[in-house]
Participant: 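Dumping the structure here so I can ask a few things about it.
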Amino acid sequence: MLSTSEIGIDLGTANILVYSKNKGIAYNEPSVVAIDTDTKNVLAVGQEAKEMIGKTPGKIVAIRPLKDGVIADFDVTTQMLQHILKKASKKMGLSIRKPNVVVCAPSGSTSVERRAIHDAVRNAGAKKITLIEEPVAAAIGSGLPVDEPVANVVVDIGGGTTEVAIISFGGIVACHSIRIGGDRLDDDIIQHVRKVYNVLIGERTAENIKMGIGYALVDHEELTMDIRGRDLVTGLPKTVTLSSYEVRNALKESLLHILEAIRATLEDCPAELSGDIVDRGVILTGGGALMKGMEEWLSEEIFVPVHLAPSPLESVAIGTGKALQYINKLQTAVK
Ligand code: ADP
Ligand code: MG
């Protein structure tokens, strides 16, 4: 059981969450840090830093220290975690100087990448650190019975990665992890607008377009959205009206890669568990699961029921927080 000094951290590429069993979600903000490049001081972390992306003067940069689900900048990640642990413990109303932390690692990460996650959390002030497989955390947090001998299939579409895993009896039986997720979809939109309209838009605008009029590959009533960017020819601001059909087209290739990863995992499923999947279906989680039409599109393509997790953006955090009660049955990623 978790005591108050034991917390779960979802160290996501897009969002970081801290979960404690008593207090629930104690921190939930974007994985962004604003840094003064002269002094290397951290100026802001989380939502405040995200607001700064692409808008700061030269010597202040807003960066995302996690890329593709793993740590890209170790020192900044450590500083960010220090800040987060401080803020989360204040929210939880206690001074946990040295909490025990359960943190997850993407199933596709290497041992060096896992070591970096472990060390960053330790340097940020944690006492005991347990790494667990991210898809297992996602499954626990989605309410699946991961410790039973049945096939639990999770598809987690995050910012940097999509992870697909079949979990049975506390362990991963089959999984595929690809470094394509919500960030890639944003980039697809940036490229499309640049190519077709000669207009440059930023990451945040692209994400707003994706959330506003982005659809998986399903029929739908056309939506439009006016967006602003910089005309690459004149250098001046320009407004363009985008249609959800053209956005869907721009996202097509990346979405098909995600589908391919799901298919490949299902093909790796041991025959005895295949029947379970037909009955129990697939659980969709991670922020990308919230894209319009995603459930419908995937269930049409893979011919098994697809269910949205109860809270897709929180599944992994809840799962890491609750993992300790399963830990004896789980295969932990780093002993
Ligand atoms: P990570 O685990 O990598 O931190 P999350 O699970 O928090 O990622 O998901 C973040 C991703 O989900 C981002 O790329 C974000 O743009 C995307 N996302 C969030 N809400 C939506 C939505 N309604 N439609 C499409 N994408 C969304
Ligand atoms: Mg995630």
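Counting convention: from 1, in listed order, for ligands and their atoms alike. Just so you know, these numbers come straight off a predicted model, no measurement behind them.
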Participant: If I apply the N/O under 3.5 Å rule, does D156 come out as touching ligand 1?
Facilitator: no
Participant: E207 heavy atoms, cut-off 4.0 Å: which ligand 1 atoms fall inside?
Facilitator: 13 (C), 15 (C), 16 (O)
Participant: When you compare the side chain of V247 with that of K210, does any pair of heavy atoms fall below 4.5 Å?
Facilitator: no
Participant: Could you find the nearest protein heavy atom to atom 10 (C) of ligand 1 and give me its residue, atom name and distance?
Facilitator: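 Checking every protein heavy atom, the shortest distance to atom 10 (C) of ligand 1 gives A14 CB, 3.5 Å.
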Participant: In terms of residue, atom name and distance, what is the protein heavy atom nearest to atom 2 (O) of ligand 1?
Facilitator: G12 CA, 3.8 Å
Participant: Regarding N123 and T78, do their side chains bring together a donor and an acceptor under 3.5 Å, going by distance alone?
Facilitator: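 Side chains of N123 and T78: no pair found under 3.5 Å.
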Participant: Check for a donor-acceptor pair, side chain of K292 on one end and backbone N or O of G212 on the other, with a separation under 3.5 Å.
Facilitator: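 It does hold such a pair.
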Participant: Do the side chain of D68 and the main chain of V70 share a donor and acceptor less than 3.5 angstrom apart?
Facilitator: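 Side chain of D68 to backbone of V70: no pair is present.
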Participant: Between D36 and N41 (side chain of the first, backbone of the second, donor and acceptor by atom type, cut-off under 3.5 Å), is there such a pair?
Facilitator: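 No.
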Participant: May I ask you to check if ligand 1 and T13 share an N or O to N or O distance below 3.5 Å?
Facilitator: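 So ligand 1 has an N or O lying under 3.5 Å from an N or O of T13.
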Participant: Going by the atom numbers of ligand 1, which of them fall below 4.0 Å from some non-hydrogen atom of G286?
Facilitator: 6 (O)
Participant: Counting only N and O atoms by type, is there a donor-acceptor contact under 3.5 Å from the side chain of S31 to the main-chain atoms of N15?
Facilitator: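 Yes; judged by distance alone, with no hydrogens or angles, the pair exists.
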Participant: How far is atom 26 (N) of ligand 1 from its nearest protein heavy atom, and which residue and atom is that?
Facilitator: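 For atom 26 (N) of ligand 1, the nearest protein heavy atom is K210 CE, 3.6 Å.
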Participant: CZ of R263: more than 12 outside heavy atoms within 6.0 angstrom?
Facilitator: yes
Participant: Which protein heavy atom lies closest to atom 20 (N) of ligand 1, and at what distance to 0.1 Å?
Facilitator: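 That would be M211 CE, 3.5 Å.
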Participant: Which residue holds the protein heavy atom closest to atom 23 (N) of ligand 1, what is that atom called, and what is the gap in Å?
Facilitator: L290 CB, 3.5 Å
Participant: Quick check for you: to the nearest 0.5 Å, what is the distance between E133 atom CD and T320 atom OG1?
Facilitator: 13.5 Å
Participant: Is G287 close to ligand 1, meaning an N/O of one under 3.5 Å from an N/O of the other?
Facilitator: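 For ligand 1, there is an N or O atom that lies under 3.5 Å from one belonging to G287.
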Participant: Does an N or O from G159, backbone or side chain, lie closer than 3.5 Å to an N or O of ligand 1?
Facilitator: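 Between G159 and ligand 1 (N or O atoms, distance only) the closest approach is under 3.5 Å.
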Participant: With atoms numbered from 1 as shown, which atoms in ligand 1 lie under 4.0 angstrom from a non-hydrogen atom of G182?
Facilitator: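 Near G182, the atoms of ligand 1 are 14 (O).
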Participant: Distance under 4.0 Å to a non-hydrogen atom of M291: what atoms of ligand 1 satisfy this?
Facilitator: 24 (N), 25 (C)
Participant: Below the 3.5 angstrom mark, is there an N/O of N15, backbone or side chain, next to an N/O of ligand 1?
Facilitator: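 Yes: some nitrogen or oxygen of N15 is under 3.5 Å from one in ligand 1.
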Participant: Can you list the atoms of ligand 1 that are under 4.0 Å from a heavy atom of G288?
Facilitator: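 Numbered from 1, ligand 1 contributes 12 (O).
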Participant: Against heavy atoms of L313, which atoms of ligand 1 measure under 4.0 Å?
Facilitator: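 Near L313, the atoms of ligand 1 are 7 (O), 9 (O).
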Participant: Consider side-chain contact (heavy atoms from CB on, under 4.5 Å). Of I283, L284, V164, which one does V154 pass it with?
Facilitator: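 Going through I283, L284, V164 one by one, the side-chain contact (heavy atoms from CB on, under 4.5 Å) with V154 is satisfied by I283 alone.
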Participant: Is there a side-chain contact between I166 and I277 (heavy atoms, below 4.5 Å)?
Facilitator: yes
